[in-house]
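One structure is given here, and the rest of the page talks about it.
Note that the numbering runs from 1 along the sequence shown for the chain.
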Amino acid sequence: QVQLVESGGGLVQAGGSLRLSCAASGNIFSINAMGWYRQAPGKERELVASITSGGSTTYADSVKGRFTISKENLNWVYLQMNTLKPEDTAVYYCNIRRAGMDYWGKGTQITVSS
């Protein structure tokens, strides 16, 4: 099993920045990818950014140039979010894909006020 704990959420004004952190513990060997997803009220969960064990990154078009994903070994994954917009408001979930299975954190709320 893999346990994930997110931190760094909160309320921020439009144009501001936040940094999300996710601590992974448990059976973290052979992780294929780590990432961040978000879900806004009434919408489906969507990929925000992901990073493979080799360091390749993928971003949603809506966050390219504003968000940066990074990792520290296989224990931590971060999401630096700059120039936040009200439409970034959502619950953000940390995700790890390992051996064909997805593991999720409980989520952290990000609210961007206009």
Side-chain angles (χ1 to χ4, degrees):
Q1 292 294 323
V2 176
Q3 293 79 44
L4 303 172
V5 179
E6 303 104 334
S7 60
L11 174 65
V12 64
Q13 288 188 332
S17 298
L18 284 174
R19 187 189 193 214
L20 298 182
S21 301
C22 176
S25 60
N27 192 347
I28 60 173
F29 298 101
S30 302
I31 287 177
N32 303 115
M34 309 170 79
W36 291 93
Y37 286 70
R38 67 186 181 188
Q39 187 166 18
K43 295 188 177 181
E44 294 186 354
R45 191 173 297 188
E46 64 175 357
L47 173 69
V48 176
S50 66
I51 184 167
T52 68
S53 57
S56 297
T57 57
T58 300
Y59 293 93
D61 287 343
S62 60
V63 307
K64 284 180 180 177
R66 300 189 297 122
F67 291 9
T68 302
I69 190 169
S70 61
K71 64 181 179 70
E72 182 177 335
N73 301 319
L74 296 176
N75 300 93
W76 292 90
V77 60
Y78 306 99
L79 186 67
Q80 178 65 42
M81 303 182 291
N82 298 328
T83 319
L84 282 159
K85 304 176 180 180
E87 51 264 44
D88 294 318
T89 295
V91 178
Y92 284 69
Y93 296 92
C94 180
N95 167 270
I96 280 181
R97 178 158 294 179
R98 176 187 175 276
M101 292 187 64
D102 284 310
Y103 298 88
W104 299 92
K106 293 183 178 180
T108 185
Q109 176 72 45
I110 301 291
T111 301
V112 184
S113 62
S114 57

Next item on the list: Determine which pairs satisfy salt bridge (Lys or Arg N to Asp or Glu O under 4.0 Å) with at least one residue from residues 14-41, sequence neighbours left out, and list them in order.
Entry: Arg38-Glu46, Arg38-Asp88
Check: What pairs with Ser53 under side chain to side chain contact (heavy atoms under 4.5 Å, CB included), at least two apart in sequence or on another chain?
Finding: none
Next item on the list: Could I get the full list of side chain to side chain contact (heavy atoms under 4.5 Å, CB included) partners for Ser7, not counting sequence neighbours?
Entry: Ser21
Check: Tell me, do Met81 and Ile110 make a side-chain contact under 4.5 Å, heavy atoms counted?
Finding: yes
Next item on the list: Quick one: which residue pairs count as a disulfide bond (SG atoms under 2.5 Å apart) with a foot in residues 2-63, not counting sequence neighbours?
Entry: Cys22-Cys94
Check: Tell me, which pairs form a salt bridge (Lys or Arg N to Asp or Glu O under 4.0 Å) where one or both residues lie in residues 104-114, sequence neighbours left out?
Finding: none
Next item on the list: Give every residue pair that meets the ring pair (Phe, Tyr, Trp, His ring centres under 6.0 Å) criterion with at least one member in residues 83-103, sequence neighbours excluded.
Entry: none
Item checked: ring pair (Phe, Tyr, Trp, His ring centres under 6.0 Å) pairs, two or more places apart, involving residues 45-73 -> none
Margin query: Would you say that Arg45 contacts Trp104 through its side chain, given a criterion of any heavy-atom pair below 4.5 Å between the two side chains?
Written below: yes
Next item on the list: With Leu11 as reference, evaluate Leu18, Thr111, Thr89 under the side-chain contact (heavy atoms from CB on, under 4.5 Å) test and give the passing residue.
Entry: Thr111
Notebook entry, point to check: Under the side chain to side chain contact (heavy atoms under 4.5 Å, CB included) test, which residues partner Glu87, sequence neighbours left out?
Noted result: Lys85
Margin query: So, using side chain to side chain contact (heavy atoms under 4.5 Å, CB included) as the criterion, who are the partners of Thr52 when residues are at least two apart?
Written below: Ser56
Check: Please, which pairs that meet disulfide bond (SG atoms under 2.5 Å apart) have at least one residue in residues 36-87, sequence neighbours excluded?
Finding: none
Check: With ILVMFWY side chains joined below 4.5 Å, transitively, what does Tyr78's cluster contain besides itself?
Finding: Trp76
Distance-only donor-acceptor hits, side chain of residues 26-33, under 3.5 Å, sequence neighbours excluded:
{"residue": "Asn27", "atom": "OD1", "partner": "Arg98", "partner atom": "NH2", "Å": "3.2"}
{"residue": "Asn32", "atom": "OD1", "partner": "Ala99", "partner atom": "N", "Å": "3.2"}

